[in-house]
Number of protein chains: 2
Amino acid sequence: MPRTMSAPRLTQQDCSNCPIRHSAVCARCEADELERLESVKYYRSYKAGQQIAWAGEPLDFVGSVVEGVATLTQTMEDGRRQMVGLLLPSDFLGRPNRAKATYDVVATTDLVLCCFRQKPFQELLLDTPHISQRLLEMTLDELDAAREWMILLGRKTAREKIASLLSIIARRDASLRENPAEQSVVFDLPLTREAMADYLGLTLETVSRQISALRRDKVIVLEGKRHVTVPDFDLLMSETGDDSDGGIFG
Amino acid sequence: MPRTMSAPRLTQQDCSNCPIRHSAVCARCEADELERLESVKYYRSYKAGQQIAWAGEPLDFVGSVVEGVATLTQTMEDGRRQMVGLLLPSDFLGRPNRAKATYDVVATTDLVLCCFRQKPFQELLLDTPHISQRLLEMTLDELDAAREWMILLGRKTAREKIASLLSIIARRDASLRENPAEQSVVFDLPLTREAMADYLGLTLETVSRQISALRRDKVIVLEGKRHVTVPDFDLLMSETGDDSDGGIFG
DNA sequence: TCTCCGCCTTGATCGAGATCAAGCAAAGAA
DNA sequence: TTCTTTGCTTGATCTCGATCAAGGCGGAGA
């Protein structure tokens with residue numbers, strides 16, 4: 001399939017603001033591929049709390065998170081809810097070749113997405129094998145994360161669930177500040193207690209109680225409801241029930 | 001990259017015994033690709049109960065299930081166990097470009113795998129874009145299944161969990177016999193009560209009690225411990241907690 | 001035929017987390 | 001200012017599934 005673009009070539013540098021480059025698509029792109037990427041990508045912004053897609057309703061784009069946090073949630077007929085995806089910056093949203101959303105998608109903070117319409121993205125995938133290979137790797141990583149999440153849901157105690165979620169957010173939070181000597185980590189929770197409960201398969205009351213318990217036991221320090229300091233990351237990790245080897249960024 | 005094979009071409013028919021054709025790899029293969037597939041694939045057999053891989057230990061092949069059932073299981077330090085994958089015929093095992101197993105893999109029935117060593121499979125992926133595209137689709141399907149599983153683990157009652165597992169196995173069991181008039185379905189459980197408990201995030205006692213309860217309520221009929229008849233599949237589905245639209249094979 | 005062992009069932013009791021309920025604090029809106 | 005709303009905390013009580021315990025059953029091997 002011929003490439004019809006004829007604009008001047010873009011350098012890697014020119015594409016540095018393309019979040020897809022860091023996630024789904026152009027880690028190994030050639031200049032002419034980058035140029036094509038630039039020509040079909042566009043941005044969408046959402047306010048905190050805004051719903052991006054409804055389960056079963058049309059969703060005609062895919063994309064990746066540039067900034068902010070979004071959640072995928074499934075609701076049962078009687079109202080029970082379970083979060084099944086937590087999208088942080090660089091995570092991918094949507095499924096190629098699927099016109100409808102499978103889950104409710106909600107922005108839990110102000111959010112910026114870098115998007116591609118389904119059709120041009122399809123063509124990109126067909127023309128550019130390494131993009132689908134990259135997408136395969138990302139999806140396999142997401143599957144591993146889903147399996148970790150299944151262990152959390154199936155076998156961990158409420159306290160272990162909270163500690164695990166805090167360590168997951170701490171690990172990935174961009175504003176994370178770490179003092180190597182003290183192993184102290186600081187971040188803001190991007191989720192309400194209720195959203196945390198939906199993530200963990202708990203009620204919001206249990207989430208609140210267990211956070212209070214971790215604070216009482218000095219595993220975490222809270223300023224306000226959302227700002228968390230972890231004075232000793234190893235201590236937090238020891239509460240997760242996970243194998244304890246590997247450093248903060250292991 | 002040149003193809004160096006020069007043996008006589010194989011027809012689609014010749015590859016009909018290749019389970020990969022029905023799963024990961026050659027749904028859209030050309031004859032010369034099939035020939036290459038044939039040249040690198042091989043079979044492995046396991047007895048019921050035999051362990052195929054150990055978490056963290058080397059696993060230098062990928063493959064797909066031809067016959068039988070295998071499970072992926074994660075064990076926590078204190079012995080708590082959670083199943084994170086149930087592999088039925090045509091499912092894919094292993095991760096391209098990863099030399100070590102992430103989970104314990106166990107054959108729960110006699111099992112036949114159609115395998116590829118990592119290195120030739122890598123090359124196959126690089127040479128044959130539609131194979132990695134097919135693998136991407138399969139992985140996305142697996143991710144959807146993992147997310148359904150998360151809802152089960154996080155929000156369903158013990159009774160709903162059992163009903164869900166029975167319907168999942170019934171749906172996919174090859175020996176399934178269905179009478180369209182009566183909606184009656186018959187199959188054998190490929191898992192022990194303990195393995196079912198590991199799947200569902202329950203104890204084996206609770207599994208046993210809930211199966212007894214479903215039998216008492218005539219949702220299922222048991223002959224022996226493993227042979228299940230579902231007299232009314234819609235009735236079973238109504239016990240799962242899932243949205244009830246869509247037929248048996250919906 | 002007996003015995004053993006793996007797999008399963010059932011009963012009694014316990015406890016972690018759910019549910020029901022009350023109230024606090026901060027941020028808007030009137 | 002006062003009222004309302006949203007998000008959160010804490011207390012009292014309940015319940016579902018875990019835990020502890022005792023057998024049953026059926027197939028394999030002596």
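Each chain gets a letter, A, B and so on, in the order its sequence line appears, and its residues count up from 1. All values below come from the heavy atoms of this structure, side chains included, with hydrogens, waters and symmetry mates left out.
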Nearest heavy atom decides the nucleotide; on that basis, is Leu222(B) or Thr206(A) closer to the 5' end of DNA chain C? Leu222(B)

Cationic N near anionic O, under 4.0 Å, Glu205(A) to Arg193(A): no

I'd like to know if the side chain of Thr109(A) reaches the main chain of Gly68(A), judged simply by a donor and an acceptor atom lying under 3.5 Å from each other, with no hydrogens or angles considered. no

Going 5' to 3' along DNA chain D, between which two nucleotides do contacts with chain B fall, using a heavy-atom cut-off of 4.0 Å? dG17(D) to dC20(D)

All salt bridge (Lys or Arg N to Asp or Glu O under 4.0 Å) counterparts of Arg155(A), not counting sequence neighbours: Asp198(B)

Protein-nucleotide distance (Arg209(A), atom CZ; dG17(C), atom C1'), rounded to Å: 9 Å

Please list, chain by chain and in numerical order, all residues satisfying side-chain hydrogen bond (donor to acceptor under 3.5 Å, both in side chains) with Asp217(A), sequence neighbours excluded. Arg159(A)

Atom NZ in Lys161(A), atom CG in Leu152(A): separation rounded to 0.5 Å? 6.0 Å

State whether Arg226(B) places a side-chain N or O below 4.0 Å from either non-bridging phosphate oxygen (OP1 or OP2) of dC8(C). yes

Counting just side-chain N and O atoms, does Ser208(B) come under 4.0 Å of either OP1 or OP2 of dT9(C)? yes

Could you tell me whether a side-chain N or O of Gln50(B) sits under 3.5 Å from a main-chain N or O of Lys47(B), the two making a donor and an acceptor? yes

Less than 4.0 angstrom from a charged side-chain N to a carboxylate O is my criterion; do Lys156(A) and Glu239(A) meet it? no

Measure from CG on Leu153(B) to C1' on dG17(C) and round the result to the nearest Å. 17 Å

Neighbours of DNA chain C within residues 155-168 of chain A, by heavy-atom distance under 4.0 Å: Thr157(A), Ala158(A)

CD of Gln82(A) to OH of Tyr103(A), rounded to nearest 0.5 Å, is 11.0 Å

Test: Arg95(A) and Asp141(B) ion pair at under 4.0 Å: yes

Is it true that Arg98(B) and Thr102(B) share a donor-acceptor pair across their side chains at a distance under 3.5 Å? yes

Length of the CD-P vector between Glu205(B) and dC14(C), whole Å: 17 Å

For DNA chain D, what residues of residues 190-202 of chain B have any heavy atom nearer than 4.0 Å? Gly201(B), Leu202(B)

Do Thr206(A) and Thr203(A) meet the criterion of a side-chain donor-acceptor pair at a distance under 3.5 Å? yes

Hey, does the side chain of Thr203(A) come within less than 4.0 Å of dT19(C)'s phosphate (OP1/OP2), counting only N and O? no

Inter-end axis angle, the helix from dT1(C)-dA30(D) to dA30(C)-dT1(D), with every axis fitted to five base pairs (rounded, 10 degrees): 30°

Check for a donor-acceptor pair, side chain of Arg147(A) on one end and backbone N or O of Val84(B) on the other, with a separation under 3.5 Å. yes

Tell me: CG of Leu204(B) to P of dT10(C), nearest whole Å? 13 Å

Taking Arg172(B) first and then Asp91(B), would you say they form a salt bridge - that is, a charged N and a carboxylate O separated by under 4.0 Å? yes

